[in-house]
Every structure is written in structure tokens, then in C-alpha cells.
Amino acid sequence: MQTNDAKRVEIIIEAPLEGRLLDTISQAGVTGFTVLPVLGGSGRSGRWSREGQVSAAGGMVAVVCIVRPERVDRLLEAAFAVVERHIGVVSVTDCQVVRAERF
Amino acid sequence: MQTNDAKRVEIIIEAPLEGRLLDTISQAGVTGFTVLPVLGGSGRSGRWSREGQVSAAGGMVAVVCIVRPERVDRLLEAAFAVVERHIGVVSVTDCQVVRAERF
Amino acid sequence: MQTNDAKRVEIIIEAPLEGRLLDTISQAGVTGFTVLPVLGGSGRSGRWSREGQVSAAGGMVAVVCIVRPERVDRLLEAAFAVVERHIGVVSVTDCQVVRAERF
Amino acid sequence: MDTIFSVMAQNLVSPIVLSFALGLLAAMARSSLSVPEAAAKALSIYLLFAIGFKGGASVAAHGFDGSLGAALVSGVALSLAIPFIAFGLLRAMTRLSAVDAAAVAGHYGSISIVTFVSATAILATRGVEYEGYMVAVAAAMEAPAIIAALWLAARAGAGARMDRELWREVLLNGSIVLLIGAFLIGALTGERGLKEIESFIVSPFKGVLCLFLLDMGLVAGRGLRQARSVLSAGAFAFAVLMPLAGAALALPVAILLGLSTGGVALLMVLSASASYIAVPAAMRVALPEANPSIYLTLSLGVTFPFNLALGIPIYVALAEFLGGA
Amino acid sequence: MDTIFSVMAQNLVSPIVLSFALGLLAAMARSSLSVPEAAAKALSIYLLFAIGFKGGASVAAHGFDGSLGAALVSGVALSLAIPFIAFGLLRAMTRLSAVDAAAVAGHYGSISIVTFVSATAILATRGVEYEGYMVAVAAAMEAPAIIAALWLAARAGAGARMDRELWREVLLNGSIVLLIGAFLIGALTGERGLKEIESFIVSPFKGVLCLFLLDMGLVAGRGLRQARSVLSAGAFAFAVLMPLAGAALALPVAILLGLSTGGVALLMVLSASASYIAVPAAMRVALPEANPSIYLTLSLGVTFPFNLALGIPIYVALAEFLGGA
Amino acid sequence: MDTIFSVMAQNLVSPIVLSFALGLLAAMARSSLSVPEAAAKALSIYLLFAIGFKGGASVAAHGFDGSLGAALVSGVALSLAIPFIAFGLLRAMTRLSAVDAAAVAGHYGSISIVTFVSATAILATRGVEYEGYMVAVAAAMEAPAIIAALWLAARAGAGARMDRELWREVLLNGSIVLLIGAFLIGALTGERGLKEIESFIVSPFKGVLCLFLLDMGLVAGRGLRQARSVLSAGAFAFAVLMPLAGAALALPVAILLGLSTGGVALLMVLSASASYIAVPAAMRVALPEANPSIYLTLSLGVTFPFNLALGIPIYVALAEFLGGA
Ligand SMILES: Nc1ncnc2c1ncn2[C@@H]1O[C@H](COP(=O)(O)O)[C@@H](O)[C@H]1O
Ligand SMILES: Nc1ncnc2c1ncn2[C@@H]1O[C@H](COP(=O)(O)O)[C@@H](O)[C@H]1O
Ligand SMILES: Nc1ncnc2c1ncn2[C@@H]1O[C@H](COP(=O)(O)O)[C@@H](O)[C@H]1O
Ligand code: NA
Ligand code: NA
Ligand code: NA
């Protein structure tokens, strides 16, 4: 099956920043993304879990964007403007997509 | 640790099609997959969120299949039969697995 | 944007083993990870779904760890001590990260 | 006429309508207020179970008065017929493509169970009785409209697919199964069964409905905010006119069926309401070319609030007026 | 004998049993009806809290009559003994491997709290009293069976691991902690505490139980549909015979303990029921070689509905018969 | 003095406080007991809706006695002033950085609505009346403290950002919107509205509160277990002293306002309580350099249980003593 190169960018970020991040990357022209829930995790600030939490403060979300290789830099820069002072974890993976015209 | 090449296929698809997709790829011989929930996203048809939704119509799921490289084409073709007219986003990434005999 | 090589390790494991896995990899020095919920799946032991389940026995979680390449072996060995007799699916993908000093 | 305004005034300051308004305004203002998906589903399971059970128990208490069969057939006929009217209006009033128009039309032939539930709550407040089996009529009206819509789409050249699998999905849709199942449980266990679980399904009912409508308001408001661009003034006008047309079609049918005052009001409500659970899911599978923002926004964002605030009081007042109540 | 049939008949048309049946049928027919995981967990938290609290409050009201200690010890003994009977029967009736048989046996030694709760609902309907501390006996019977099962598995050569961590997990399992915790809160706050939260934990109790059983039916039906292939006729027969054997073993013990009619029925129910929360989780950790489809399907898909529909009425009728009630 | 001890004793064996204790102990012991996130959010929506609605309905029944405006202004002033006291105490008692101290201080100026709700439950048990509009005062006190905290942080050199977007987020925070919205619905629909949904928002209220406090206990316990290392003895001492200081500041204000006995107690409770919903979320956005473990643990893990077990009885007893009740 015919596939094309693309990049899969995964951003794990504090839930209260989700809206800002999505607005910023949308403005940077990245209008395709998917948000996944996160149950818990661990990092330099210790372990945490969403269980029983009411406030958004104690949670994170994972945002997955699949973009053409040439657009990844614009996305990363836009994302970074939001993530910079925060704890967001950003990773980029090479991938193949079908229907490349969509990305 | 001994690892082997494999492919990680990620399919993001409308929730009402989940059953059809899983049945189709199972029939194509892919019996290992994991379904992750999706909170929201954005695409050509605009932004959406699962919050407070009752109907499956407004949601998506992410299906992750790890398969041997030689089986990826059969999987993609089977998936495509379902996804074709729909909005599913399909990406394929190279990965390494331990216990390759399982895939 | 300046990026560095890293590895994205994804471990899909039975929910009742989550605590053990996280404790073990933490002890092996991997203190950065994120836990994602899983809705259902299929494998050698058949299809399953979390819907309506009360017991943790019928569920799985996905643990994502982003680590420097040189630490991936220690992580895999630690994870394997827990996963070995179990059904955990472990995959490793090359990725790029920004702010490499964090990993 | 007086009745209409008094019913409306009473309705507009009810906790139910105000809870919906709160949700709508909060979402419009982009408040972070939200009801978790699992909680919204749990509330809807409660409402379907309670309304189905009470309908069944009421049938067990009063017996069928013979008109159930005729009412079911009429409901199915209304559900099949209304999409054609809706399609015609849409083609006349908007520039929606034939496929989009067919998808929207299907929603208006089918029914919205929360609209039905809200109407029963208002009837209860006003002390108006209705046939317990109207719950079964509601269930019967969910699916037929889908056939009509797919036929309209196919005629317009869209390769709508209605395979056996989709049939099964539509007919065994969770909300239909729960509604009918609870109705049967209520009918089988009757008064005794109702007494056992009354303090769960009767007393807190209206309060639960408030929270559910708060959630509906939030979802509708978010939809309106995000879909404003795709909707024309004509489409909005359709979404207000169509429920009145549906109710007008149902009124003579309900009178011919010899329904009680409450029954007449409820058949109008069912015909006036537009689906937002079963039909959207079916359309996403069978008619993926249709834009979901359009049909979801018209159904949930315009017609539902219209019925809640103005439609139901009009239908109830008309039924009371004609029933000499 | 008459009593058995009348209790059964009354039981079969109760909203509780019919809700379970609805879920079972819906799942078998592959309806999309489902209860979100979070809602199911919330319902189970409510039920555990309510049943624990009421047990404690009842102990506070009536005082211990001295037999609590003996009842707890007997419960633990039953939980330890039953797996051996179950293992023997399984090896005789099925071709399950020793490891699978040991895992299944552990489930039958432990208890199902929903079966217990459903039985108390039936006792309440029939006006039969029981010792409040039976809740504590239920909690005490959850874990011992796991030891027996792991011992059986170890004898069969499986490297079952029962480390300290697993002990902690089993004994501090959420459902045990909540049940005992609520029991203690009820015992400490007594009648006054009960009065404060009565309209939350007493009046709506049966209705909530209906929704929970609807969910249990859905999960059981889905399990049965997916696991049909792995189960032999012998295994099915075991899952119907074993609860009767467990109840038969408990009956003389309960009589020796001098329990009330309701208490006798509940000790039979506990012994007859099979775990589907605490034990499966422990088995996945300690005995990963055992196939979860087998133990989950037998426990939740066969034994639970059997007890709900036929078992509990039999145990209650027997207890009433012997108690001269 | 007698009153204090009797209120405390009564309070300590209430199902509410014991449910919190159960959650706390279970989490400390690493039990697997947990309430799903969606269920916890649903419980909090219920509590906010119920307390807001009842406040509004009470205002509709008794009318404003003119002091609402003064009470709102006083609440805002307290919320702005308390962070300065807290900041001073923190710098004196702990070695927290200025940024961490500012973030913590913001939490103590704002309020905890569950603490407020628990206090109203205790007042209800004791039959003490309070102004319905205290709910509005609670809402008004949520946000001002954030400004004070960010000003303190900016003075300390942290680039705290308080842009328009953050303002919107804080003021339209879900819990504020729901509380005020429900208050307005209650005020508009009045006694009639309350009667319609009374058996949902009044009778089961305390029981729901128990489950919510169970969850709060679990979250607090987990937080304490994981954050023990980051907290010094000085910080713990602060988290016990600060609520007393806040209450002491509120007492003369409440008396000057001429509030009823219950109103005096509630203004002390609001001032004594520390936010754990609105402020933490704002701080994560505006002050990411501050360590969330510190402010969450102090607020939810120390001050909340202190207020629940000891603080509220002290404030209530003082208010009753001074009110001559
Ligand atoms: N290396 C990593 N891999 C995956 N997730 C991570 C990693 N580091 C941090 N995270 C996630 O980001 C959150 C905050 O990280 P930190 O700011 O380091 O405490 C953690 O709780 C994890 O959920
Ligand atoms: N480039 C992308 N990366 C990740 N997810 C996407 C992307 N494009 C679309 N999606 C997901 O697929 C959904 C439907 O896409 P669309 O059909 O383009 O509206 C979106 O709402 C996203 O959840
Ligand atoms: N190849 C695979 N790709 C993704 N997930 C898998 C795969 N194989 C197994 N899984 C997940 O692991 C679970 C247990 O697998 P198994 O032990 O083979 O039944 C499945 O139910 C899936 O959720
Ligand atoms: Na209709
Ligand atoms: Na048993
Ligand atoms: Na305060």
C-alpha cells in the first residue's frame, strides 16, 4: 500500500494548559490532532495519579499530531512557546501515513 | 536485550466504526491489538470533545496494533476497506519488540 | 529546533501489575513515565473490554517511558523481570526529544 | 391562548429549563464547566431506565386500552413520513447538499428521548395523565426515519449502505434496548415492583433530569460555538419551523387515535423532537459524506432548546385546549 | 417445598433479577448498551458503603450476641475448605489443567458481595432479619481461599508466588477495606449516623442494585459470548453444582453457630457464591498461567446468575423451613 | 468552652468525618480503594449544584436583608488580605522560596467549597440557621486571592503571567459558574423549584457528602504519602495555624456585618479554608515554577482535615458562644 513519510509528534502536558496549547498550534496552522487521556505518571516532581481528582490541576493529557515532515519545525516552535516554562514532554517519531494529502 | 523489528500501526477512527474495524482486521489474521480512549481532537471537520457526550457518534478511539513487518500490508489493506470513506487517520512506525514469537 | 535521539518504550500490561511494574522501573532509575488508560483489546487470550468492569483483573494499562538510548537496556531488563510470566507487550521506537537534559 | 402563555411562563422558570440555560451559557462563555462523559452516560441510563419502568408499571396498572397497536403503527408511519417533509423544507430553505439534507431529515423523523422525558415532567407538574405505553411508541419511532433518510440519500446518488450489521446496530441500539427492556420489567413487576424501587426512580427523577439538562446545555453550547460557521440562517429557521410542522402532523393522528390529553401532547412532542443519539451514530456509519456538525448542531443546538423552552408548552397547551382540560 | 417455589417465583419477577436478565440478553444479542466503567465502579462503591454501614449500624443497635467471633472463624474455615472440594470436583468433572482448576477453586472459596447484597434485598422483602455482623463475615471470607488455591497450584508444580506485596494487595483490596470501613463507621455512629444518611443508603438501595445488576448482566453476557469456546459442558455443570455443594457445607455450620434464619441463609449464600473482584485480580498476579476467561466466565457468567435466579431462593427457603419460619 | 468540646465530640463521630478518615487511612496503607475520576467529578457537581440551589432558594424565601452587598465586599477583602498574612507566616516559619510561598498563600486566601459544605451539614444537624447568600460570598472569595498571590510572586521576581485568558479561566472556572448558576436558579424558582427537586438535592445530600469525603480522604492520603519528603515541620505547623488566623480575622468582620450565628461561623470557615480546585489550576498556568506538591499537600492534606475534624467545631462553637446561642 502506498505510504508517505510523516512525523508523529506527541506532547504530554499539564491539563490546565491544554486549551492554550491547542489554540497555539492551531494558529500555527496545525489543525489535525488528537487528545488522549492520561491516568498518571512520574517525573522530576514525583508520582501522581488522576484517581479521584476533581481539579484539573493534578492531571495531564497527551496530544498526538501527525504532520508532514516539513511542518514539524513550525509545530515544535509553536508548542514550545506554551510548554517552555512547563513540564511538557515532547517527542517526535518518524512514521508513514496513507492518504498523505490529508496532512 | 534481544529485540526484533516490528511495525506499530495506529488507527484513529470514529467510535461507531470500532466494531467493524476490529472484526475486519481480526478476519485478516491480526488478532493482537489494543484500543485506547480518545478525549477530543481536531481535523478538517473542526474541533470536538467527548466531554458530556452520550452518543457514540461524537467520539473516536485509537487502535494500536503491533505486527511483524511482513504482515503490515495485509493489515493496512483490511483496515482501509473500513476506513476508506471515513476519517480514520492511519500511521505506521518502525519499532522493536521483545518476544517476537508473539506477533 | 534542536533535538536529540531518545527511545520511546511502550509497555501494555495487566492492570493488577501496574504498581509492581512502576516500582520496579523506578528502582532501576527510570523516574519519568506516563500511564495511559486502555479500553479493550485482543490477544492470544481473546478479546476483552473494560466496559462496565469493576475488577481491575479484566483491564490493562499502557505505560510510556521516554529514555535516553543508553538507558533503554536497563529499562527493558527491569520491565522484563515483572512482565516475563505475563502478557505485557513491549515495544521500543526511536524518537527525537527537545530538552534532552530532562531524560 | 392564555394557557399557552401561562404554561410557557411556568415552564421557563422551572429548574429543568434553567439548568439547560445555565449549561448553554457556560459553554458559550467558554467556562471550564463540564460533566464527565461517564457521568453523562450514567445519567442517561438512569433516565431511560426510570421512564421505561414507570411506563411499563403504568401499563400494568391500567391495562392496555387496545389502542397500543394503532399507536405503534402510527408512530412508525410518522417516523417514516416526517423525513420527507424535512427534506423538502431543507432543499427549499437552505443550500445544504442532498446528502446533508437527507441526514438532517433522518434526525427529525426520529425522536429525542430527553425531550420526551422533559415533557412528561411538565405533564406531571400540571397533573395531566398520559398512556404509559407512549414510552413504547417513543422506542418504535427511533429507527424508521433512518430508512427514509438513507432512501433519500441513495436517490441523490450517495452510496448509503444499510447492511445487516447496521440494522442490528440501529435496532439493538443501547438506548432502545434499555427503554424497551425497562418498560417490560415495569410491565412484568407492576405496582409491586414500582413500590420496591420508587424512591430511586420516582422521587429524585426531576433532580437528575436537571443535571442531565445542564450537561445537554454544555454540549449544545459547545456545538453551537464550534459550528456557528457551517450554519446558515435558513438552516436555523428550518430547525425552529420543523418541530412545529412535525407536531402539526402528529396532532390529527393523535386525536384520531383517541389518545388522552397527555398522550396527544406526547405524540406531538415525539414528532417535533429530533434524535441526537441513535441517528447520528447510524449516519456516521452509513452516510459518512454528511457533515456531522450540521446535523448535530441543528438537532441538539437549535431544535432541542426550542422544544424545551417553547415547543413543549405549545404542544401541551394545545392538547389541553383541545382535550377541554 | 412449596416455600421454595413461591420464593423462586416471587424472586424471578423481581426488578433485580429482571434487570440482570435484561443486561444478559442485551449483551448476548450484541446490543451497544453498556455502563461506563467509572459508573459501574461508582455503583459498587455505593453498594459496599451502604451494606457495610447498615451492617455496622445494626450491630450498634442490637449489640453483638457473642457469636461474632465464632462466625468469623467459621467463615474463614469455609473459605479455606471449599477450594479443596471445588478442586476435586473440577478434576473429576472437567479436563481443566491443575493450574486452571486451582485458580477456579479459589474463586469458589471466596465470596461475591453482590450475591450477598441481592440476598439481603430478598430477605428484606420477605421481612426476614439477619445478624448485622454477617457483613464482617463476608469480608473475612474474601481472602483465605486464595491461600488454598495457591497451595493447590504449587502442589501441581506451578510457581505460584505469594509474596508480601500480594498479601498486602489482597488484604487491603479496595472492596474489603470499604466494606469493613463502612461497617466500622456504621458501628461507631449507630442509629444516629444511620438516620443522617438513611435517605441516601437505605431508600434508593434496591434501585441502585437494579442498575448494578443490569451492568453485571452486560458484563456476564459479553463474557459468555466471548468465552463459549473455552468452556466444556463439564465446566458448566460444575458451576451449577458447586454453589449447591458450598451451601450444603455451610448449612450445618450455620445451624451449629445458632444463627438466625436470615443469618443461616446468608452463610449459605456466601459459601455458594464465587468471587469476581478480589480473587481474579490476585490470580492474574500470582498465577498468570491460569486462563482468566475460564475463571471469570464460570464465576460471573454461570454461578452468579444461577445463584441470583435459583440459588438464593433455595437457600432462603431452606433456612426458613429449618428455622420454622 | 464546653460547647467546643461537645461540638467536637459530636463532629468526630459523624459519618462525614469518619468517611474522610477511612479514605485517608486506606490511602496511607496503600489500599487499592479508589473512586474513579469521573465519579468524583460527578459528586462534586452534585454538591455544588445542591448547595448553590439551596442557597438561592433560601434567599428567595427570606429575601435579602440588605447585607448581601457588604458581605460580598468583605469576602473579597478577606480573600485579598489573607494571602499577605499567609506569605508573612510562611517566610517566617518555613524555608520555602518566595515563589512557593506566594503560591501557597494564594490557596489560603481562596476557599474550599467542601469545607463550606461540611460546615453547613454540621449547622443543619445542630439546627443553626445561616444566610442563604453565604453561598454567593463563597463564590466571590474564590478568585481575588489569586491576584494577591501573583503580585507577591512578581515582587519576588517570578515572571507570573496574569493575561486576559487566565482571567477568563479563573472567573469562569467550572465550580464558580456552577455554584453561582445554581444559586441563581434557586433564587429564580424559589420554594416551588426547591419542592420539585427536594428529594434529589436535600434528602440524600449528607450521604453523597460522605462518599465525596471518602474520595477526598483517598486523594489527601495519597498526596501525603507521596509528598512527605518535600514538607518540613514548619510547613505542617503553618497549615494548622493559618486556618485559625484566617478565622480570627473573619470573626470581627462577620460580627460587624451583623451576620446570624450560622453566618458568622461560615465566614470563619471560608476564611479558614484553603482552595484545592480553582487556585491550583491557576497556579499551574501562571506560576509553573511553584511546586504543586507543596501547595496541594498543605491545602488538601493538612488544612482540610484539620478544619474538618477540629476547625469547624471551633468556629461553630465560637459563633454560637458569641451569638448567645
Ligand atoms: N521521560 C518521560 N517519559 C514519559 N513521560 C514523562 C517523562 N518525564 C515526565 N513525564 C510526564 O510528565 C509529567 C511531569 O514531569 P516532571 O515535570 O518531570 O515531573 C510526569 O508526571 C509524567 O507524566
Ligand atoms: N493530523 C492528525 N493528527 C492526529 N489526529 C488527527 C489528524 N487529523 C485528524 N485527526 C483526528 O481525526 C479526527 C477527524 O479528522 P477529520 O476527518 O480531518 O476532521 C480529528 O478530530 C482528530 O481526532
Ligand atoms: N500485537 C499486539 N498489538 C497491540 N496490543 C496487543 C498485541 N498483542 C496483545 N496485545 C494486548 O495485550 C493483551 C493481552 O494479550 P494476550 O496475552 O496475547 O492475550 C491484548 O488483549 C491486547 O490488549
Ligand atoms: Na421527530
Ligand atoms: Na464461596
Ligand atoms: Na481561605
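Every chain is numbered from 1, with letters handed out A, B, ... down the list of sequences. When reading the values below, keep in mind they use all heavy atoms of this one structure, side chains included, and skip hydrogens, waters and symmetry mates.
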Segment of C/Leu76 engaging chain B (4.5 angstrom heavy-atom cut-off): both
Interchain contact, B/Leu36 with chain C, by part (heavy-atom threshold 4.5 Å): both
Where B/Val64 and C/Glu10 come nearest, the two heavy atoms and their spacing: CG1-OE1, 4.1 Å
Proximal component of B/Val61, with respect to chain C [non-hydrogen, under 4.5 Å]: side chain
Atom of C/Val89, atom of B/Ile66 and distance for their closest heavy-atom approach: CG1-CD1, 3.9 Å
Chain B interface, residue from C/Ser91, C/Gly46, C/Ser42 that has the most non-hydrogen pairs under 4.5 Å: C/Ser42
Beyond-backbone contact of B/Ser26 with C/Arg47, side-chain heavy atoms, under 4.5 angstrom: yes
Most contacts with chain B, counted as non-hydrogen pairs under 4.5 angstrom, among C/Arg44, C/Lys7, C/Arg50, C/Arg8: C/Arg44
Choice from C/Gly40, C/Ala62, C/Ser49 maximising heavy atom contacts with chain B below 4.5 Å: C/Gly40
Heavy-atom pair of closest approach, residues C/Pro37 and B/Pro37: O-CD, 3.3 Å
Under 4.5 Å from a heavy atom of chain C, the part of B/Thr34 involved: both
Closest-packed option against chain C by number of heavy-atom pairs under 4.5 Å, given B/Thr93, B/Val30, B/Leu22, B/Val63: B/Leu22
Side chain to side chain, C/Val83 and B/Arg99, heavy atoms closer than 4.5 Å: yes
